[in-house]
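Remarks on the structure that follows.
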Amino acid sequence: MTNSALNRKIWHLAWPPMLSNITTPLLGLVDTAVVGHLGTATHLGAVAIGASIFSFLFWAFGFLRMGSTGLTAQAFGQKNNDKVQALLVQSVLMGVFIGLVLVVFRSPIIDLAMYLMSPSEEVAPWARLYCEARILSAPAVLAGYALIGWFFGVQYSKGPLWMLLVINVINMVLDYVAVYQFGMASEGVAWATVIAHYLGTLFAFFLAYRKLAQLNLVVKLSSVLDWQRYAALIRVNRYLFVRTVLLLIVMLFFTAQGARLGDDVLAANAVLLIFLTIISNSLDGFAFALEALCGEYYGSKNKTLFKRVIAYSSLWALIAAIGLSAIFWLFGEAIIELLTNVESVQLAAKEYLPWLIALPLLGIWSFMLDGIFIGTTSVKQMQDTMILCVLGVFFPVWFLSQGMGNHGLWLAQASLFVARAVTLLICYRKNMKQEVWF
């Protein structure tokens, strides 16, 4: 494969997830906009709390996407068609099963979430109504994660884009119908999201069916009943689950410590986390491309293309990171002023803006190395290095820099990015030197 052909392949896989990542926040924005015009803050607060709960809850099971991508990409590279179709069925069934477990235990889950969030007496009943409806989407959401992972694994990156666009469009329409036609409030917004996820996931099944036909594959019942085949999927997802939970703990801790530093710091961090979301969404496109292509070339044992795709993907990601840092440096203060008109919050956010200018260049390497290790399903190393980085770097740096206030919190976050990159780079060099992968 020529260099230009490989670069085209990288971009072909990278741009759809970049675009789909931009559409993802639309769900929350539309929900907020609809209930924000009901004339009371109660329903807006209920939706904000409910959406936060399910962002954290569902994100904890993001391993369904990553595990599916790595294993499928390897089978795709091996041209193991039987395994490719089996992974689709098994990943989706695992997502549905976990989703059903969440639905069955919804009462204690919602009780715990409401206790931790501690909404006001006015907001609490509406937030509970939102949660009781929204949790019913769990089987569709988690099956959707598995489908997205499988799509990336077979290098059909437009599949997730179409799926998320369908979900967002349906959600917008049903939000309006539920609130303004049927007179519902926060619970109507939740039901709109539930229905949108089920319809979007059904559409994704249709896309998967078409992709199977294109690959001349037929789903076999034996792949559903062969329990031994689930072993690799469970093993991969087990390690990824621990890693994801650790990241979730860091995120919750970051938010909680920001709140302890005062309302202005909490609000400023919330604004700056939007910058972090932009960084993640932009660089994830190249990381997803790397997952798929590293998995393919690892599966086919093509060491030459494996190393070349890492080099080219990392180069494009570095260019993107430099661009993001430049944009934040030139226009960061203007972006902050667009996001909030509260002067005290603006001043606080601008004080900590330099951290966000630096983070694209500090974080790019952990994103790209994550892509390599997911593609090769070296997920135990990902888990072990994350444990080391969170317990041995993030928390100690935060503890030692508490005198720096919020700067210390951002220093801990930046240190975590660097530590993840360094530890994974050490593992990468060891794996390549000892021919662990080839």
Stepwise side chain to side chain contact (heavy atoms under 4.5 Å, CB included) test for Leu207 and Tyr156: CA-CA 10 Å; Leu207 295 177; Tyr156 180 42; 3.8 Å; yes
Heavy-atom distance under 4.5 Å between the side chains of Ser366 and Leu424, does that happen here? no
Expected output: side-chain Ser280 to main-chain Leu276 donor-acceptor under 3.5 Å: no
Ring centers of Phe253, Phe395 separated by less than 6.0 Å: yes
Value rounded to 0.5 Å, distance of CG in Leu347 from OH in Tyr352: 11.0 Å
Atom pair CG/CG of Leu400 and Leu411 - distance to nearest 0.5 Å: 10.0 Å
Near Phe56 CZ, under 6.0 Å, is it more than 12 heavy atoms from other residues, nucleotides or ligands? yes
Side-chain heavy atoms of Met368 within contact of Ile310, under 4.5 Å: no
Using modelled atom types only, decide if a donor and an acceptor are shared between the side chain of Ser313 and the backbone of Phe286 within a distance under 3.5 Å. no
So do the side chains of Lys211 and Trp150 get within less than 4.5 Å of each other, counting heavy atoms only? yes
Min side-chain heavy-atom separation Asn281-Met18 under 4.5 Å: no
May I ask you to decide if Leu129's main-chain N or O and Glu132's side chain share a donor-acceptor pair within less than 3.5 Å? no
More than 12 heavy atoms of other residues, nucleotides or ligands under 6.0 Å from CH2 of Trp59: is that the case? yes
Atom pair CG (Leu353) and CD1 (Ile336), whose distance is rounded to the nearest 0.5 Å: 4.5 Å
Donor-acceptor contact below 3.5 Å, side chain Asn171 vs main chain Ile167: no
Which heavy atom of Ser68 sits nearest a heavy atom of Ser91, and at what distance? OG-OG, 3.5 Å
Less than 4.5 Å apart, side chain to side chain, heavy atoms only: is that true for Trp15 and Leu161? yes
What's the spacing between Gln155 CD and Thr69 OG1 if we round to 0.5 Å? 11.0 Å
Looking at OH of Tyr145 and CD1 of Ile98, how far apart are the two atoms once the value is rounded to the nearest 0.5 Å? 11.5 Å
Taking atom NZ of Lys158 as the centre, report whether more than 12 heavy atoms of other residues, nucleotides or ligands fall under 6.0 Å from it. no
Heavy-atom pair with the smallest gap, counting every atom of Leu174 and Ala196: CD1-N, 4.4 Å
Step through it carefully: locate the ring centre of Phe275, locate the ring centre of Phe328, and say whether they are under 6.0 Å apart. yes
Donor-acceptor pair, Ser137 side chain versus Arg134 backbone, under 3.5 Å? yes
Counting only heavy atoms not in Glu343, do more than 12 sit closer than 6.0 Å to its CD atom? no
Which atom pair, heavy atoms only, marks the closest approach of Leu409 to Gly258? CD2-N, 3.8 Å
Phe288 vs Phe152 aromatic rings, parallel, tilted or perpendicular, using cut-offs 30° and 60°? tilted
Nearest heavy atoms of Asn81 and Leu215, plus distance in Å: ND2-O, 4.5 Å
Mind telling me whether Phe367 and Phe417 have parallel, tilted or perpendicular rings, with 30° and 60° as the class edges? tilted
Angle class for the Tyr130/Phe54 ring planes (parallel below 30°, perpendicular above 60°, tilted otherwise)? tilted
Given side chain to side chain contact (heavy atoms under 4.5 Å, CB included), test Met382 with Leu240 step by step and report yes or no. CA-CA 8 Å; Met382 293 181 71; Leu240 288 171; 4.3 Å; yes
Does Arg65 form a salt bridge (Lys or Arg N to Asp or Glu O under 4.0 Å) with Glu291? I'd like the steps, not just the answer. CA-CA 11 Å; Arg65 200 282 304 163; Glu291 289 175 22; 2.5 Å; yes
Donor-acceptor contact below 3.5 Å, side chain Thr72 vs main chain Gly153: no
Check whether Gln181 reaches the backbone of Ala178 with its side chain - one donor and one acceptor, N or O, closer than 3.5 Å. no
Just by modelled atom types, is the Ile374 backbone N or O under 3.5 Å from a matching donor or acceptor in the Ser378 side chain? no
Using a 4.5 Å cut-off on heavy atoms from C-beta on, say whether the side chain of Leu266 contacts that of Thr255. yes
Parallel, tilted or perpendicular: which describes the rings of Trp355 and His407, with under 30° parallel and over 60° perpendicular? tilted
Quick one about Glu337 and Gln346 (side-chain donor to acceptor, distance below 3.5 Å, no hydrogens or angles considered), yes or no? no
Tell me the closest heavy-atom pair linking Val397 and Ala412, and the distance in Å. CG1-CA, 3.7 Å
Could you please spell out the steps behind the side chain to side chain contact (heavy atoms under 4.5 Å, CB included) verdict for Thr377 and Leu71? CA-CA 7 Å; Thr377 56; Leu71 291 170; 3.8 Å; yes
Any carboxylate oxygen within less than 4.0 angstrom of a Lys/Arg side-chain nitrogen, looking at Arg106 and Asp111? no
Please tell me if the side chains of Phe254 and Trp398 come closer than 4.5 Å, counting only heavy atoms from C-beta onward. no
For residues Phe151 and Ala204, report the shortest heavy-atom separation together with the two atoms involved. CZ-O, 3.5 Å
Would the distance check show the side chain of Ser282 and the main-chain N or O of Ile279 forming a donor-acceptor pair, the cut-off being under 3.5 Å? no
For the pair Arg243 and Asp384, find out whether any cationic side-chain nitrogen is under 4.0 Å from an anionic carboxylate oxygen. no
Nearest-0.5 Å distance, CG of residue Leu199 to CD1 of residue Ile195: 7.5 Å
Chi angles and distances behind the side chain to side chain contact (heavy atoms under 4.5 Å, CB included) call for Phe61, Thr244: CA-CA 8 Å; Phe61 298 98; Thr244 304; over 6 Å; no
Looking at Gly375, is its backbone amide N or carbonyl O close enough to the side chain of Gln74 to form a donor-acceptor pair, meaning the two atoms are under 3.5 Å apart? yes
So, do Leu142 and Val96 sit near enough that their side-chain heavy atoms are less than 4.5 Å apart? no
